[in-house]
Number of protein chains: 2
Amino acid sequence: MTAKRVPPAQLAPQLRDAITRFNRRVRRARPVGDLTVTQLSALTSLKLAGALTPRELADIERVQPPTMTKIVAKLEERGLVQRTPHPTDGRQVILAATAGGLAVLDQFERARNEWLASRLAALTEEERDTLRRAAEILQQLARA
Amino acid sequence: MTAKRVPPAQLAPQLRDAITRFNRRVRRARPVGDLTVTQLSALTSLKLAGALTPRELADIERVQPPTMTKIVAKLEERGLVQRTPHPTDGRQVILAATAGGLAVLDQFERARNEWLASRLAALTEEERDTLRRAAEILQQLARA
DNA sequence: CCAGGCTCATTAGTTAAGCTAACGATTGTG
DNA sequence: CACAATCGTTAGCTTAACTAATGAGCCTGG
C-alpha cells in the first residue's frame, strides 16, 4: 500500500464526482415519514451542543441563517426542537432539542445508518480506515 | 500508519456528516454564470461516453429519468448538448456534447476545480492518496 | 398481422435545500 | 439619546430531486 503521487488538479474532479454521486445515493435512502439528511444533521448538532442560537447552528452546519430558519421551522412543526427566548438579549433565540426530538433521534439513529452501515460492513477493515481518515480530511476542507 | 478498527455503525454518521458539509461547501464555490455541479457532472459523463440516451445518462449519474430530462434541457438551452433522434428506434434520443459544450467544459475545467484543487494542493501527498482511495470506494458504494 | 403490453422520454406537480436582499425588533454605544 | 450594528425572520428566487401519469413507438403472441 504505497502512496501514489496524486496531482491535485486530477484528484479534484475525481473526488467531486465520487462525492456527488455518493451523496445522491445516501439522500435517497431515507425511510418514509422520516427526517431528511439536512434536518437530521441539524438536530444532531443541536443535541451535541445542548443549546444554540440559530446563527451558531447555521455556522456549524455551514449554512446561511435564513436556510437554518427554514430547517428549524420544520423541526419545530414536528415538536422536535424548541425555541425559547434568550434570557437577557431580546433579539436572540435559544434552540434546543426537545425530549421528543432526542427520542426520535435515538430511535432513527440506527435506522438511518442502516443502509450505509451495512455497505460499510461489507468493506475491508482497511477500506473503512481509509474512509475514516478521508472523513476527517473532508471536514477540514469544508471548514476552509 | 496502522489501520485502526472502525465499527461501521460509528463510521456511517461520521462519513455522512463529513460529506454533507463538504458537498455544501463545494457547491457554493461556483463561478457566476457558470454551470452547476450537476450540469457539469452530466456534461462530463457525456463527454467521456461520447453519446448516450437519457436513460443511460440518468443511470450513470444515479438520477431518475425525469431529473435527467431537466438537466439536459438546461444544457440544451445553452447549446452545450445536442439531441438527435435514434436511427432505428423512434422512442429513443441520442445525446451528445456539442463542440461548444466540449469547449466550455475544457474552459471551465480548470476554473471549477480551482477552489478544490488549491485546497488539495495544501494537503500532504499522503492525505491526497487517502482521498483518492476514498473516492474509489465511494463510487463503489454509490453503485451498490 | 395486429392488439395489447412494454419501453422510452417527457410533462406535471411536489418537496427540499440553498441563496441574497430587505426588514423589524433590539441592543449597545459615541 | 440618536444611530449603527446585530439577530432572526420574511420574501422571493433557483436548483435539484422525487413520483405519477402521459404519449409515442416498438415488439410479440395468438
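Throughout, a chain's letter reflects where its sequence line sits, starting with A, and its residues are numbered from 1. The structure displayed is predicted, hence computed values, not measured ones.
- Counting non-hydrogen atoms under 4.0 angstrom, B/Pro65 reaches a base of the nucleic acid.
- In this structure, B/Leu75 atom CG and D/dA16 atom C1' are separated by 14 Å, rounded to whole Å.
- Distance from the side chain of A/Thr36 is smallest for C/dA17 among the nucleotides C/dA17, C/dA9, D/dC18.
- Taking atom NE2 on B/His86 and atom P on C/dT10, their separation rounds to 14 Å, with Å as the unit.
- Across all strands shown, A/Pro66 has heavy atoms under 4.0 Å from base atoms, whether or not it also approaches the sugar-phosphate.
- Sequence order on DNA chain D of the closest nucleotides to A/Lys70 and A/Arg83 puts A/Arg83 first from the 5' end.
- Considering only the side chain of B/Thr38, D/dA17 comes nearest among D/dG8, C/dG18, D/dA17.
- Regarding B/Lys74, its NZ atom lies at a distance of 6 Å from the C1' atom of D/dT15, rounded to whole Å.
- Checked against D/dT15, C/dG18, D/dC7, the side chain of A/Gln92 finds its nearest nucleotide in D/dC7.
- With a 4.5 Å cut-off on side-chain heavy atoms, B/Lys47 and B/Leu102 count as touching.
- Residue B/Arg62 contributes atom CZ, which lies 19 Å from atom P of D/dA16 at whole-angstrom precision.
- The nearest whole Å value for the distance from the CG atom in A/Asp59 to the P atom in D/dC7 is 10 Å.
- Contact check on B/Lys74 versus B/Glu77 returns no salt bridge, with no Lys/Arg side-chain nitrogen under 4.0 Å from an Asp/Glu carboxylate oxygen.
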Where protein sits on nucleotides 24-30 of chain C, one letter per nucleotide: B base, S sugar-phosphate only, - none, heavy atoms under 4.0 Å:
--BS---

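- Atom CD of B/Gln82 sits about 13.0 Å away from atom CG of B/Leu75, to the nearest 0.5 Å.
- Using a 4.0 Å cut-off, no side-chain N or O of A/Thr67 falls inside it from OP1 or OP2 of C/dA17.
- Remark: A/Glu61 engages B/Arg21, B/Arg24 in a salt bridge (charged side-chain N to carboxylate O under 4.0 Å, His left out) (not counting sequence neighbours).
- For C/dA9, one of the phosphate oxygens OP1 or OP2 lies less than 4.0 angstrom from a side-chain nitrogen or oxygen of B/Thr53.
- To the nearest angstrom, P of C/dA16 lies 11 Å from CG of A/Leu35.
- Defining each end axis of the helix from C/dC1-D/dG30 to C/dG30-D/dC1 as the rotation carrying four pairs' C1' atoms onto the next four, with five pairs an end, the two axes are found to diverge by 0° to 10 degrees.
- Partners of A/Val72 by side chain to side chain contact (heavy atoms under 4.5 Å, CB included), not counting sequence neighbours, listed by chain and number: A/Leu57, A/Met68, A/Val81, A/Arg83, A/Leu95.
- Every residue was checked against the side-chain hydrogen bond (donor to acceptor under 3.5 Å, both in side chains) condition with A/Thr84, not counting sequence neighbours, and none meets it.
- Put simply, CG on A/Leu57 is 10 Å from P on D/dG8, counting in whole angstrom units.
- In this structure, A/Gln92 contributes its side chain and A/Asp89 its backbone to no donor-acceptor pair below 3.5 Å.
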Between A/Asp129 and A/Arg133, does the salt bridge (Lys or Arg N to Asp or Glu O under 4.0 Å) criterion hold? Intermediate values first, please.
CA-CA 6 Å; A/Asp129 190 60; A/Arg133 287 206 309 276; 2.4 Å; yes

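- Residue B/Ile94 is not grouped with residue B/Leu80 when hydrophobic side chains (ILVMFWY) are merged at heavy-atom distances under 4.5 angstrom, including chains of intermediate members.
- Side-chain proximity of B/Thr69 to the nucleotides D/dT10, D/dT15, C/dT10 is greatest for C/dT10.
- Applying the side-chain hydrogen bond (donor to acceptor under 3.5 Å, both in side chains) rule to B/Gln139 yields no partners; only residues at least two apart in sequence or on another chain are considered.
- In this structure, the CE atom of A/Met68 is 14 Å from the C1' atom of C/dC19, given to the nearest Å.
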